[in-house]
Structures are given as C-alpha cells and as structure tokens.
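Quick note: numbers below take in every heavy atom, side chains included, and nothing from hydrogens, waters or symmetry partners. Residue numbers start at 1 and run along the sequence shown.
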Amino acid sequence: MYEFYPLLIMGAIIGVISAIFIFAYAMIKDKKEAIGFDRNMKDSEIAKRLLRYARPHIKSFVLVLVVMIFSISYDIISPLVVGHITESLQEGTLNTKTLFIYVGLYASILLVSLVSTYIQAIVLQKTGQRIISKIREDLFIHIEGLSHSQLNNIPVGKLVTRVTNDTNSVSMMFTNIIVNLVKNSFVIVGVLVAMLALNYMLTLMVLCFVPFIVLFTVIFRKFSRKAYRRVKDGTTDINTFLSENLSGMRIIQIFNREKRKVDEFSKKNQNLRRAKQQQIFVFGIFRPMVYMLYISSVLCLFYLSARSSINGIVFLGQTVSVSTLVTFYLYTSKFFNPIQSLAEQFNWLQAAFASGEKIFAVFDIKPEVVDEDDAIELETIEGNIEFRDVWFSYVPGEWVLKGVSFKVSAKETVAFVGSTGSGKTTILSLICRNYDIQKGEILIDGINIKKIKISSLRRHFGQMLQDVFLFSGSIRSNILLRREGVTDEEIMEACRYVNADKFIGKLQAGLDEEVRERGNNFSAGQRQLLSFARTIIHKPAVMILDEATANIDTETEILIQDSLEKMMNIGTMLIVAHRLSTIQHADKIIVLSHGEIVEEGNHFELLERKGRYYGLYMLQYDKERLQKKNN
C-alpha cells in the first residue's frame, strides 16, 4: 500500500486546492444591476449573436476547417515517429537508411503543418476583418438612427469605445479564438484516440486529471468574466472622460481647473489599473494550475511506468516499454498543451464576450423615432405646417408644450418669441421629428409627419442653428454635406447670397481652405455664414433658423439682414431669435410662455396690443439704447 503513497499525497494536494477554489467560487456573488445602458447577458446569447455575422462567410470557415486537419497531423503523428525511433534504438535495429526515412517523414509532417497553419492564418485574418467591418458599419448605422433624446443620454466616449475598442476585442474571436478552440478540440480527441490505442491503462491515468481541469475552468470562468467587465468599464470611463474634457480644455484652462481634472483622471486611471491587475491575477492563477495538473500527470506517468518496468508489474493487462513511455510522454504534452492554451484563449474569449455584451447593449437600444410601416416618400412639399393640440414633454409629466395649435402657410415667415424654456426650440425640433410628440398632430401639407418617412421629411428642411457644427475637411465639403455634382460657381453663388463670399475670397485656398475640428479656425460669425450657405445650396422648402444670429456680431448681422429677406422668398421660414430686430419683417409672430401660445400676429399688431411681445420689445429696446449710450 505504501507504494501508492506518492499518488495519494498528490491527490490530496489537488483536492485541497480544488476545495479552496470551490469555496472562493461560492463566496462570489453575482451583481445583476446594470451600469448605464449596459446589462448582463449570457455567454451563449452573445456567442449566438456574434456568430450570425459569421454565417455569410461559412465557406471560408469550412476551408479553414479542411486545412486545419492537415495542420494537426504533426501533433498526432510526430510522437509515433519518435516512439518508433526509440524502439529501434532499444532493439538495435536502427540504421542510417531507416533514420533518414524517419527524419524525412518527421520533416514532411512538420512542413505540411506549417504551410497549413500559414494558409489558415491568412484566410482567418481576411475573413475576420470583413466581419468586424460589418459589425462596425451596422453599429454606426444603428447609432445614426437613435433619437436626439437617446443620444443626449449616452456619453459620446461610450459610443466611440463601442465602435472602436470593443469591435477590436471581438475581432479576436473570429481571427483566432473560434478556430483555435476547434483545432485544440481536434488535437485533444486525436491524441486521446492514439493514446487509447497505445496504452489504455496510462490513458485512464491521464484522464483522471480531466475533471479537475473542467472544475478549474468553470471556477475561473466566473472570476475572469468579472475581471474583464471591470476592465471594459474602466476603459469606457477613461474614453468618456477624455472625449468630454479634451473638447472642453479651453474652459478647464480659463477656470484654472487643470489640477482638479488631473486628479479626476488619475482616479479613473487607478481604477483601470486595479481592474487590469485583477485580470492579470486571475489569469496568473488559472494557467499555473493547469500546468500543475500537467506536471502531476507526467509524474504519475513516470512513476507507474517505472514501477511496471522495475517490478515487471502488469496493470490492467498492460505493460509499459521504454518506447511506449517516450511516446506517451510526448502525447501527454500534446494532450495538455491545447488545454493550457485554452486558458489563454479563454482569456481572449472573455474579452470578446465582455466587448460583445457592450456592443449588443447598444444594438438593443430601440430607436424612439422610427418610420411607421405605411410611411410614404414625399418628393415635394409646398411648406404648409399645422400644429393641432400638440403636447410634448422631455421628462414624463413635465410638459414643455401644452396644447399648442397654429398654422403656417406655404412661403410664409413665422417667428417664435418667448422667454427661455417657453418651448420655441422644441417646436422646431418636433417639426423635423427629432422627437415624437405625446399628444396631438403635426401636419405637413395636410399629412401627419408620422406618415412620412423620416429621411424624406428631413430632406425638405434646412436648419441653421445657433451652435454651428463644422466637420473636419474643407469649406467645400462642409457646404456640400448631402449634395453632389455641384459646381464651384454654384457654391460661390450660394456664398454670395449670404455674404459669405467676402471672407472666403480672402482665404489662400478659397473653398479648399482646411476646416479643423469643429471649425475652430473660423470665427462664430464665419461659421454661421457657412451654415447659411450650406442650407441655401440644398434649396429646402422649409428653412429653420434657431437663434441663428445669436453669435453674430453687429457688423456681420448687417451683412445677413438682406440675405434673410431674400431667403424669406425661397420657401416657408421658421425663426427663433433673441434679437427682435431680425423678425420685424416676419409675416407672423407667435409669442409663447410656459409652453402655451399667448399672442399671435405681426410685429405692428403685437406692439399695438401692448401685451407680452410689447414688453419684450421695450425691454430689449431700452437695453440696446443703454448700450449705445455707454459706448
């Protein structure tokens, strides 16, 4: 009995380690709460959804599978070749000719395996990149379909992380993980069959360690998934912080908040560092444990083989020769190497699943504003607009518009006036279906806007906003956002129409002048004039000016006053303006207060009534007169 003490001691050590891991596994509690818009998903659900993107490329994966069979031939056949060489050496029958045959056979198998592995890698990389490109494209298209409200609730940094970092992590699943998992499974099965054919007694001994491998994998799967989620959350936090604070760096410097922002960044950086350390710690335990099982199996192999050879013991009807021992030792290595590499692949798989969960959390956000099934294309519109008892709120129960009703005739210019929060900008956003109303109807030429396809509806609108957004590129590319085949003369004609040609003509590159991020190399007035030109060139049927002159100086305002009068003749115009001087020529002025219409009429009619509009006008008039006096 004492002869089996070494095996019993080894079993006891493995049992104690297993008990510790099981206890740690039981102590860890799952946290089901969601962070932001993220939620927990099962690995099977994530894998199923990711594999849908692989279906169109099934032929490439089948090719890889065929090539893989040749690539694993080395792992299955090479130990047998070495075993035969050992047996020939032991029996003294090995000669030069036989040695060359064995070496040639070994080299041929190795060469076939290397070439097959190369082909496999090339095909996988090309296929994987096509899949990831498709995921990125679908994700970007989905984000484009989200409403303004939804986009306002999701930090830009999170979305950037989903489209870039997370898709890169998922790419490992298609270019490496899946195929290697299949390959390693084939190797394990092939090696196991060869081992059983060679010596089933030693094979059963090796298989005794498999349940512990399964146990360790299940336990560390839980720890690994948690660690990867923390890393992904930490990476997202840093990207979100950088996206916001790099954009607002001027404000940080103006208010001398550099030190505070450094402290905030340092805290987030430390959180990510700790998450990374936990991830490394989990992986640093898992792989050595698998390696320990491999070494234990090798020790058992040597022990049982030595006892069989020394004492001539026959165990389960099997004896162990030297050649069998050498072959089996190599097979044991081939058996455990794939299992050990599964630890690393499992590491990557958890990264892919963690990223996949984040990506599909975005995909699962259902757009709030969508086309109805019977929505129609609207080729042309006259520009008649009607609000019928419209109620709207951004937050449930807090009404921004309360039963608003009005009509705008085609080619008419209507201005909306009121204090901050009265609902002016909201009305303009609702006409374009940036948001959907809760009650009432909004009609364009007598058609409910919900019955019109969103893309068709917005194609007929031109919006000039207070906060002008210019994209990196050139002046030409910013003016021609959605039109092609327009000549430079037509572009300059639009620029002359809004008096933007004056500053463009002074630029060295003219229309090809570089526009940096957000148009920071142009003044607020110049950006606004470019916005005007961008709107005019698309010839919209309805033009919307939302505080479009708020950031324009007096000199620039004079330049565009005549342009506004010209634009009034192009189509229906809706204006929101703080400067009442810019709306005096409007056909109709609608005065709002707390989401309700309190007055309606033209400039002179409203002044005669001496109501709310009159009060706003006189307040602004006195303010401007005081400013002129002080100057």
Side-chain angles (χ1 to χ4, degrees), residues 43-44 46-84 101-135 167-198 203 206-207 210 213 217 327 330-353 356:
D43 286 351
S44 57
I46 297 171
K48 184 178 179 180
R49 296 178 69 173
L50 285 174
L51 289 176
R52 289 175 189 166
Y53 282 93
R55 286 176 185 171
H57 307 275
I58 190 67
K59 291 182 180 179
S60 297
F61 287 107
V62 170
L63 173 61
V64 169
L65 193 62
V66 173
V67 173
M68 185 191 300
I69 296 174
F70 292 97
S71 68
I72 65 175
S73 59
Y74 172 78
D75 296 301
I76 307 299
I77 301 175
S78 60
L80 291 175
V81 175
V82 175
H84 281 296
I101 292 174
Y102 281 135
V103 171
L105 178 60
Y106 192 95
S108 299
I109 297 170
L110 180 60
L111 181 61
V112 169
S113 178
L114 291 176
V115 172
S116 300
T117 302
Y118 172 78
I119 295 173
Q120 172 186 311
I122 295 298
V123 174
L124 277 179
Q125 287 298 325
K126 289 184 177 180
T127 305
Q129 290 308 314
R130 291 192 188 101
I131 294 172
I132 296 306
S133 295
K134 178 61 176 174
I135 294 176
T167 51
N168 286 335
S169 296
V170 170
S171 69
M172 290 294 297
M173 180 174 177
F174 296 105
T175 59
N176 190 316
I177 299 172
I178 294 178
V179 173
N180 276 335
L181 285 173
V182 175
K183 178 181 178 180
N184 288 331
S185 299
F186 281 178
V187 170
I188 291 172
V189 172
V191 168
L192 187 60
V193 170
M195 290 168 67
L196 285 170
L198 187 65
T203 303
V206 172
L207 290 178
V210 172
I213 295 174
T217 301
T327 305
L330 294 175
Y331 270 137
T332 303
S333 175
K334 300 292 184 184
F335 183 75
F336 275 92
N337 278 342
I339 296 177
Q340 284 181 271
S341 65
L342 285 177
E344 187 172 351
Q345 289 159 17
F346 181 75
N347 202 29
W348 293 339
L349 187 63
Q350 288 305 308
F353 282 166

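Atoms CG and CD1, on L50 and I131 in that order, are 9.5 Å from each other to the nearest 0.5 Å. Note that the CD1 atom of I119 and the CD1 atom of I122 stand 9.5 Å from one another [nearest 0.5 Å]. A distance of 6.5 Å separates CD1 in I46 from CZ in F353, rounded to the nearest 0.5 Å. Of the inter-residue distances, the one linking K134 atom NZ with R130 atom CZ reads 14.0 Å to the nearest 0.5 angstrom. Taking CD1 of I76 as the start and OH of Y331 as the end, the distance is 6.5 Å to the nearest 0.5 Å. Note that NZ of K183 and OG1 of T117 are 4.0 Å apart. Values are rounded to the nearest 0.5 Å.
Residues forming a side-chain contact (heavy atoms from CB on, under 4.5 Å) with S169 (at least two apart in sequence, or on another chain): K232, S355. Legend: residues meeting side-chain hydrogen bond (donor to acceptor under 3.5 Å, both in side chains) with N168, ordered by chain and number and at least two apart, are R136. In this structure, I69 has no side-chain contact (heavy atoms from CB on, under 4.5 Å) partners at least two apart in sequence or on a different chain. By the side-chain contact (heavy atoms from CB on, under 4.5 Å) test, V103 is found to be paired with L99, residues two or more places apart in sequence or in another chain being considered.
Shortest non-hydrogen contact noted between V187 and P338 is CG1-CG, 3.6 Å. For the pair L124 and F174, the tightest heavy-atom approach, listed with the atom from each and the gap, is CD2-O, 3.6 Å. The minimum heavy-atom distance between F335 and L192, with the atom names listed, is CE1-CD1, 4.4 Å.
For T203 (side chain) and M195 (main-chain N/O), a donor-acceptor pair under 3.5 Å exists by modelled atom type.
Within the structure, side chain to side chain donor-acceptor pair (under 3.5 Å) pairs that include any residue of residues 104-115 comprise Y74-Y106 (at least two apart or interchain).
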Can you list, pair by pair, the side-chain donor-acceptor contacts under 3.5 Å of residues 54-67, counting residues two or more places apart and other chains?
none

